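It should be emphasised that the depicted structure is a prediction, and the values quoted were computed from it without experimental measurement.
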Amino acid sequence: MLRLSLILKVPIQVLWQWPDSVIDLYLSFLATEPTIEQRIEVGIAQLTAVTFNRSRQQGEEGKSAADYLIAHEPWDTGPASELSTDELRMMGYVSNPANP
């Protein structure tokens with residue numbers, strides 16, 4: 001709940017008043033999204049790769065951002081698939097929050 005409060009910039013007291021179904025939708029969506037820390041790690045890896053590739057010697061092998069990441073890929077979701085039921089419900093709530 002605290003993570004949701006920080007991301008949405010909504011006081012936690014307000015979140016407690018929301019229906020459980022809305023909270024569950026947000027939490028299921030956030031479970032698929034990389035955390036702030038993972039996003040920062042990817043950003044730093046991309047910056048490092050660009051810096052290395054701009055300053056490397058002639059003939060030296062270039063590097064990608066993946067070379068600077070820890071052994072996981074935050075956005076690796078496997079093969080592309082259709083939207084899940086939770087994602088469709090979330091999109092409906094965002095477009096019309098008065099009718100969850």
* Structure fact -> Nearest heavy-atom contact between Pro11 and Ser5 is C-OG, 3.9 Å
* How long is the gap from CG on Leu8 to CH2 on Trp18, to the nearest 0.5 Å? -> 5.0 Å
* To the nearest 0.5 Å, tell me how far Ile23 CD1 sits from Leu15 CG. => 5.0 Å
* To do: Measure the spacing between OG1 of Thr51 and CD1 of Ile44 and express it to the nearest 0.5 Å.
  => 11.5 Å
* Verify the neighbour count for atom CD of Glu60: are there more than 12 heavy atoms of other residues, nucleotides or ligands below 6.0 Å? => yes
* To do: Decide whether Ile36 and Val42 are clustered together by the hydrophobic rule: side chain heavy atoms of Ile, Leu, Val, Met, Phe, Trp, Tyr closer than 4.5 Å, transitively.
  => no
* Structure fact -> CD1 of Ile7 to OH of Tyr26, rounded to nearest 0.5 Å, is 10.5 Å
* Path from Val10 to Val22 over hydrophobic side-chain contacts below 4.5 Å -> yes
* **4.5 Å side-chain heavy-atom contact, Asn53 and Arg56** => yes
* **Verify same cluster id: Leu47, Ile40 (apolar side-chain graph, 4.5 Å)** => no
* Structure fact -> Heavy-atom nearest pair, Ala49 first then Lys63, reads CB-O, 3.9 Å
